[in-house]
Amino acid sequence: MKYTTRQSAILLLSDGTIFHGKSIGISGTTFGEVCFNTGMTGYQEIFTDPSYFGQIMVATNAHIGNYGVNDSEVESDSIKISGLVCKNFSFNYSREDASESLESYFIKENLICISDVDTRALVSYIRDNGAMNAVICTDGTSIEDLKIALANVPNMEGLELASKVSTTEPYFYGDENATYKISALDLGIKKNILRNLAKRDCYIKVFPYNSTFKDLSAFNPDGYFLSNGPGDPDPLFGAIEMAKEILANDKPLFGICLGHQVIALANGVSTYKMFNGHRGINHPVKNIITGKGEITSQNHGFAVNKEQLDNHPDLEITHLHLNDETVAGMRMKNKNCFSVQYHPEASPGPHDSSYLFDQFIENIKGN
């Protein structure tokens with residue numbers, strides 16, 4: 001194999017810390033909140049997940065790109081992360097059904113990547129100091145200029161990003177002759193959520209993030225769904241108001257991730273920015289109702305206030321994250337509504353959490 005020299009690159013954190021590496025060949029700078037994912041596979045699904053919009057992803061697996069990419073393994077129509085930090089970037093791939101290399105995929109999407117970084121040291125630093133804004137630079141821009149530009153990047157707390165990834169026009173998914181009709185609010189919805197609903201005999205109409213209850217109810221749905229998505233849930237005033245109206249009309253409601261947080265806010269329970277967040281496909285969750293454990297896929301930097309939820313007369317915790325006892329799921333005692341903080345559609349190996357989609361259908365049947 002011919003040896004090639006690659007351009008030096010840096011990752012500059014907002015506290016001034018610098019990590020050095022190499023560019024994979026795409027020149028430029030990119031900004032975002034730096035975070036890490038502990039999954040050992042599924043990088044293409046991670047890169048295209050709308051919930052990661054505005055974030056620079058640090059991969060904890062030592063090799064990224066070794067199995068290329070496949071057109072069927074995307075969660076949206078484009079890469080959503082702001083940039084990638086990795087240890088070893090594989091320019092060659094060995095999977096037989098891959099459609100192209102990760103390098104060519106990044107070139108088409110103009111995604112800036114820094115490799116040859118000591119990712120173990122970087123992840124350890126983020127765990128100790130928390131998620132923060134950062135910039136990847138592969139074009140030689142001076143540190144002083146990068147610091148000035150980085151200082152003007154807004155923090156994730158208080159940042160509304162659903163509008164950046166939501167559909168601009170309603171669209172349909174599934175068989176129009178299906179038994180059940182679902183109105184889904186797109187705050188950054190993943191394709192596999194739609195696949196899971198369609199597989200359960202649902203015809204889904206997906207609506208833009210700023211749609212009203214009147215818009216969604218005009219489809220005459222059997223149930224309502226609030227999707228995952230990026231950013232802080234607090235500024236989503238329209239979605240919160242809509243959730244209140246769905247609950248006031250006692251309609252079946254299911255929320256995932258950001259949708260889960262919106263439902264909490266609609267009930268007067270606050271959310272907060274986590275120190276690091278949960279991102280990976282190996283997070284242990286306990287179902288409080290059944291006593292069973294689940295290995296789950298998670299991707300969130302905000303969480304629901306557990307103390308307020310414990311003291312709420314109409315809400316109860318159904319799932320807890322076993323690493324830190326944060327809220328992983330809840331349901332309403334007096335309404336046909338439940339939600340989870342994690343991603344049951346992701347099925348990271350085991351299909352531990354796929355029953356939640358069945359539960360939604362059962363709730364619709366019993367309505």
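If you're wondering where the values come from, they're calculated on a predicted model, not measured in any experiment.
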Is the shortest side-chain N to carboxylate O distance from Glu345 to Arg195 below 4.0 Å?
no
*Glu73 and Arg95 ion-paired at < 4.0 Å*: yes
Test question: given the 4.5 Å side-chain rule for I, L, V, M, F, W and Y, name all other residues clustered with [X], or answer none.
X      : result
Tyr355 : Tyr171, Tyr173, Tyr180, Ile182, Ile189, Ile193, Leu194, Leu197, Ile204, Val206, Phe225, Phe254, Ile256, Val285, Phe338, Val340, Tyr342, Leu356, Phe357, Phe360, Ile361, Ile364
Met40  : none
Tyr272 : Met274

Kindly say whether [Y] contributes a backbone atom to a donor-acceptor pair with the side chain of [X] at under 3.5 angstrom?
X      : Y      : result
Ser166 : Tyr209 : yes
Arg6   : Ser23  : yes
Ser90  : Gly65  : no
Gln308 : Ser270 : yes
Thr30  : Ser82  : yes
Asn110 : Phe106 : no
Thr48  : Ser78  : no
Ser104 : Ser101 : yes
Asp139 : Thr141 : yes
Ser227 : Leu185 : yes

Which atom names give the shortest non-hydrogen contact between [X] and [Y], and what distance separates them?
X      : Y      : answer
Leu226 : Met242 : CD2-CE, 3.7 Å
Asp352 : Gly293 : OD2-O, 4.3 Å
Glu75  : Pro50  : O-CD, 4.2 Å

Is it the case that over 12 heavy atoms from other parts of the model lie below 6.0 angstrom from the [atom1] atom of [X]?
X      : atom1 : result
Glu325 : CD    : yes
Lys251 : NZ    : no
Lys286 : NZ    : no
Lys214 : NZ    : no
Lys164 : NZ    : no

Requested in this report: Would you please test Lys335 and Asp314 for side chain to side chain contact (heavy atoms under 4.5 Å, CB included) and show each step?
Outcome: CA-CA 8 Å; Lys335 299 289 182 180; Asp314 299 327; over 6 Å; no
Not counting sequence neighbours, list each pair that qualifies as a ring-ring contact (aromatic ring centres under 6.0 Å, His included) and has a residue in residues 14-40.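 For residues 14-40: none.
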The complete set of ring-ring contact (aromatic ring centres under 6.0 Å, His included) pairs with one or both residues in residues 48-88, sequence neighbours excluded, reads Tyr43-Tyr67
Exercise for the section: Hey, could you give me each pair passing side chain to side chain donor-acceptor pair (under 3.5 Å) that has a residue in residues 120-130? Not counting sequence neighbours. Expected result: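 Listed once each, the pairs are Asp15-Tyr125, Thr17-Tyr125.
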Sequence neighbours excluded, which residues qualify as side chain to side chain contact (heavy atoms under 4.5 Å, CB included) partners of [X]?
X      : value
Lys244 : Ile240, Glu241, Ala266
Thr290 : Asn287, Lys292
Phe275 : none
Pro233 : Leu258, Gln261, Leu265, Thr271, Phe302

Indicate every side-chain donor-acceptor pair of residues 147-156 with a distance under 3.5 Å to a residue at least two apart or in another chain.
{"unit_1": "Asn152", "atom_1": "ND2", "unit_2": "Ile148", "atom_2": "O", "d": "3.3"}
{"unit_1": "Asn155", "atom_1": "OD1", "unit_2": "Asn133", "atom_2": "ND2", "d": "3.3"}

Within residues 165-186 or reaching into it, pairs that qualify as salt bridge (charged side-chain N to carboxylate O under 4.0 Å, His left out) - sequence neighbours excluded =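 Qualifying pairs: none.
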* Donor on one side chain, acceptor on other, Gln7 and Thr138, under 3.5 Å ->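 Note: Gln7 and Thr138 side chains miss the donor-acceptor criterion.
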* Only one of Asp49, Asn37, Asn228 clears side chain to side chain donor-acceptor pair (under 3.5 Å) with Asn299; which? ->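 Exactly one candidate clears the test, Asp49.
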_Measuring from atom SG of Cys35 to atom CD of Gln55, what distance do you get when rounded to the nearest 0.5 angstrom?_
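That separation rounds to 4.0 Å.
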Fill in: Derivation and outcome, side-chain hydrogen bond (donor to acceptor under 3.5 Å, both in side chains), residues His278 and His300
CA-CA 6 Å; His278 297 149; His300 60 102; 3.1 Å; yes
